[in-house]
Amino acid sequence: MPDADPLVILEETLRARAARGALADDEKRESFRALALLSPSDGMRWAALAGCWPDRGATLLHRAIILIPGDFRLYVNLSNRHVQAETVDKAFVSLRRAALLQPGLARISTSLSTLMAKRTKRWKFQSHAWVQGAHADTGVGQVESQIAGGKILEPLEVVEKVLRSSTLLSDAWRLRGVLQQRLYKSAESRRCHCRALICNPANLNAYIAASGYFIEQRAFTRATGLLDFADILAPGAFAVLANRAAILERTGQLEEALTIARRVTVLYPHIGERYFICGTILQSMANVGDALTNLRRADIAAPQDQRFQNNLAITLLKSGRYSEGLATYEGRWFAPAEMPTSERSLWPNASFDLPLWEPGRPAAGKILLWGEQGVGDEIWGLSYLTALADRPEHFTVETDARLMPLVQRCFPKITPLPRRLDVQVDISDYQAQLPLLSLPHRLGLAGQQTPTGWMRPDPEWVDAVKHRLTGGRSVRLIGLAWRSTKPVQHLSFAIDVERFSRLTAIENAVFLPLQYGMGEHEWDGLVRVFGEDRVVRPDFDVRDDLVRLADAIAAADVVVSLATALVPMAVATGTRSVAMLMPVQRDWRYRVGAQHSPMLPNSTLLWPPGSEDPESILSAVVKSLR
């Protein structure tokens with residue numbers, strides 16, 4: 001048996017004595033120094049000396065690294081020395097080298113994240129640590145913060161890497177469900193939420209996230225059941241109460257929703273979200289003053305939250321503060337950083353790689369304007385093209401293909417472009433962009449009346465259209481619509497045609513139904529109400545032939561409708577209209593409680609209870625006919 005190396009025996013003895021605390025600091029340092037000098041090519045002995053000589057630790061570790069450049073532990077120790085010396089940049093470089101040598105070690109990624117000054121990179125290292133098997137709390141928190149900041153694809157990549165290594169992490173499935181929901185993959189999102197609950201039936205956040213999914217799907221019974229389970233785990237939790245309030249608000253139980261929201265205010269006075277919840281419910285209740293107070297507080301508490309900005313803008317506009325409201329409403333085009341191509345956004349990333357048009361800096365060039373939100377909104381926004389007539393720029397407006405003939409007829413100097421979200425717009429010829437509803441703010445017209453009558457054909461044409469529709473009779477023509485179907489949550493509404501019954505008292509008048517999708521049962525109802533000789537069936541497609549619809553509205557003496565696209569079209573043709581409004585009217589152009597709005601000239605706004613009373617409807621129509 002070969003003799004043991006005396007230096008190895010000495011080293012083991014010294015380490016054993018040091019471990020028992022039998023060596024004083026000076027004696028320990030001198031002993032390890034002697035070992036390093038006796039074996040100068042042994043890097044680990046220089047590293048051991050660094051451990052008991054703090055003042056020269058970094059220098060000694062550098063010597064050890066020169067001798068053993070492939071040992072990641074030396075770089076980790078060197079990083080710790082730099083942290084103690086408050087030389088963070090050097091510590092970061094050392095850890096990066098350690099990560100290159102040992103890329104799968106969660107501890108290194110966690111340490112790197114603590115050294116990052118910029119949050120954008122810090123979250124990546126913490127996410128790497130989670131993927132590599134570190135404690136989940138930090139990784140989950142970082143992914144959640146990225147989702148809150150509008151990120152989708154990068155957090156999704158992290159979550160999927162985690163799930164590939166461990167398929168039973170409830171929070172990873174929960175986050176994947178939320179991200180799939182943001183990408184409008186409903187079936188996949190639902191599957192992920194179910195897996196999150198199966199993996200951990202006691203995960204409070206999983207119940208809350210799943211309930212949020214079902215609220216969006218309007219499956220309120222299932223959402224309520226999940227919230228009941230969450231209440232068992234954490235009675236009175238903020239998110240549980242907030243989701244219960246959302247269910248009540250979306251099912252029209254506004255008083256009950258407000259009661260819960262106020263309870264949230266008492267229990268969680270430090271959270272800005274509470275003001276947002278109260279403000280949104282009060283806005284739905286048409287209590288604009290109190291809604292504005294709460295939403296301003298929410299905006300102060302969380303100025304970066306675009307939900308707060310958008311609802312604040314709508315409430316400002318509904319209260320008649322148009323200049324401030326339209327300026328705040330510019331934030332409506334904020335969307336998560338990665339969205340499907342069917343979605344438009346301006347912040348944080350623009351749908352078109354073009355700067356926003358600034359009318360205050362006129363210059364020859366091509367400007368791309370684009371319609372937004374719906375046909376009624378586009379028609380209202382097109383009104384402001386009248387203000388562009390004398391400008392030096394050349395304008396192209398991308399809009400619903402059905403509106404193209406109207407744009408060509410009314411604005412011959414403006415180039416219409418049909419909107420096709422499945423085809424990329426060639427922006428190579430354009431210098432700037434702007435959504436249509438930003439025109440009044442950008443042009444400084446926020447407090448002025450919306451331009452009217454720009455869509456009206458010449459008088460002879462209007463007379464010819466009226467002659468055709470009425471069969472040549474010398475009568476007044478009254479347009480009617482009774483249903484609005486909007487693909488946005490709970491904003492669809494309708495009334496029975498019997499609500500128009502008192503209009504039969506108007507003499508020498510016939511009625512033109514302008515309701516798209518009118519069924520035979522609805523036509524039969526109109527005949528029962530007015531009589532066959534007083535109802536004129538339109539001879540054109542009300543939904544798709546918007547040119548003939550505009551001509552028919554121009555020929556009408558008055559249009560009676562719910563809050564549909566017919567109201568802004570009546571404004572555009574210069575025809576009077578009566579808008580029969582609901583208690584909850586989100587469209588900000590209908591100023592709450594007011595009979596008239598500068599955003600909808602020539603329109604009489606009939607709020608409840610008047611809009612529910614046939615006698616009040618008759619009075620409003622008769623007044624409009626005078």
Side-chain angles (χ1 to χ4, degrees), residues 333 341-344 351-352 354 357 365-389 391 393-440 442-443 450-458 461-462 464-465 468 479 481 485-487 514-517 538-556 559 564-575:
W333 283 106
T341 55
S342 61
E343 295 293 319
R344 288 275 170 83
S351 296
F352 301 113
L354 293 167
W357 179 51
K366 292 185 177 181
I367 311 300
L368 176 63
L369 306 174
W370 42 276
E372 50 176 303
Q373 303 192 41
V375 171
D377 298 277
E378 290 192 53
I379 292 170
W380 186 84
L382 290 172
S383 302
Y384 290 89
L385 297 185
T386 57
L388 305 178
R391 296 195 63 93
E393 299 92 343
H394 177 77
F395 295 94
T396 295
V397 58
E398 183 214 39
T399 186
D400 191 301
R402 295 172 293 171
L403 290 170
M404 279 190 62
L406 284 167
V407 174
Q408 288 173 322
R409 184 173 79 179
C410 302
F411 304 105
K413 293 184 179 180
I414 291 177
T415 303
L417 181 69
R419 178 168 58 252
R420 288 189 59 190
L421 296 178
D422 59 330
V423 176
Q424 191 76 22
V425 177
D426 182 4
I427 61 170
S428 58
D429 286 340
Y430 300 105
Q431 282 71 56
Q433 63 161 324
L434 198 69
L436 273 181
L437 268 60
S438 291
L439 280 174
R442 296 274 171 165
L443 294 170
T450 298
T452 184
W454 57 270
M455 196 186 284
R456 193 174 189 85
D458 65 72
W461 181 260
V462 173
V465 171
R468 187 190 85 238
T485 304
K486 297 184 179 181
L514 297 174
Q515 179 63 59
Y516 68 85
D539 56 359
F540 57 90
D541 189 319
V542 175
R543 181 187 182 279
D544 292 327
D545 194 345
L546 296 188
V547 173
R548 298 185 76 183
L549 175 61
D551 291 345
I553 292 175
V559 172
T564 69
L566 296 185
V567 178
M569 189 170 275
V571 171
T573 59
T575 301

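For the numbers below, each heavy atom of this structure counts, side chains included, while hydrogens, waters and symmetry mates do not. Keep in mind it's a predicted model, so treat the numbers as computed, not measured.
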Side chain of [X], backbone of [Y]: donor and acceptor closer than 3.5 Å?
| X | Y | answer |
| --- | --- | --- |
| Thr399 | Gly371 | no |
| Gln431 | Lys366 | yes |
| Thr396 | Leu368 | no |

Quiz prompt | With sequence neighbours excluded, residues passing ring pair (Phe, Tyr, Trp, His ring centres under 6.0 Å) with Tyr430 | solution = none

Does some side-chain heavy atom of [Y] sit less than 4.5 Å from a side-chain heavy atom of [X]?
| X | Y | value |
| --- | --- | --- |
| Ile379 | Leu406 | no |
| Leu443 | Leu388 | yes |
| Phe540 | Val547 | no |
| Val425 | Phe352 | yes |
| Tyr384 | Leu436 | no |
| Leu369 | Ile414 | no |
| Arg468 | Asp539 | yes |
| Tyr516 | Leu566 | no |

Looking only at heavy atoms, what is the nearest atom pair of [X] and [Y], with distance?
| X | Y | result |
| --- | --- | --- |
| Gly479 | Ala556 | N-CB, 4.4 Å |
| Thr575 | Ile553 | OG1-O, 2.8 Å |
| Ala554 | Val462 | O-CG1, 3.6 Å |

Self-check item: Test side chain to side chain donor-acceptor pair (under 3.5 Å) applied to Glu378 and Arg419, Arg402, Gln373, the passing residue
Solution: Arg419

Practice problem: With sequence neighbours left out, write down each residue that passes salt bridge (charged side-chain N to carboxylate O under 4.0 Å, His left out) with Arg409, or none if nothing qualifies. | Solution: Asp551

Going from [atom1] on [X] to [atom2] on [Y], what distance comes out if it is rounded to the nearest 0.5 angstrom?
| X | Y | atom1 | atom2 | answer |
| --- | --- | --- | --- | --- |
| Met569 | Leu382 | CE | CG | 9.5 Å |
| Leu546 | Asp541 | CG | CG | 9.0 Å |
| Trp357 | Arg442 | CH2 | CZ | 10.0 Å |
| Glu398 | Met404 | CD | CE | 10.5 Å |

Exercise. Could you pull out all residues at least two apart from Gln408 that satisfy side chain to side chain donor-acceptor pair (under 3.5 Å)?
Key: none

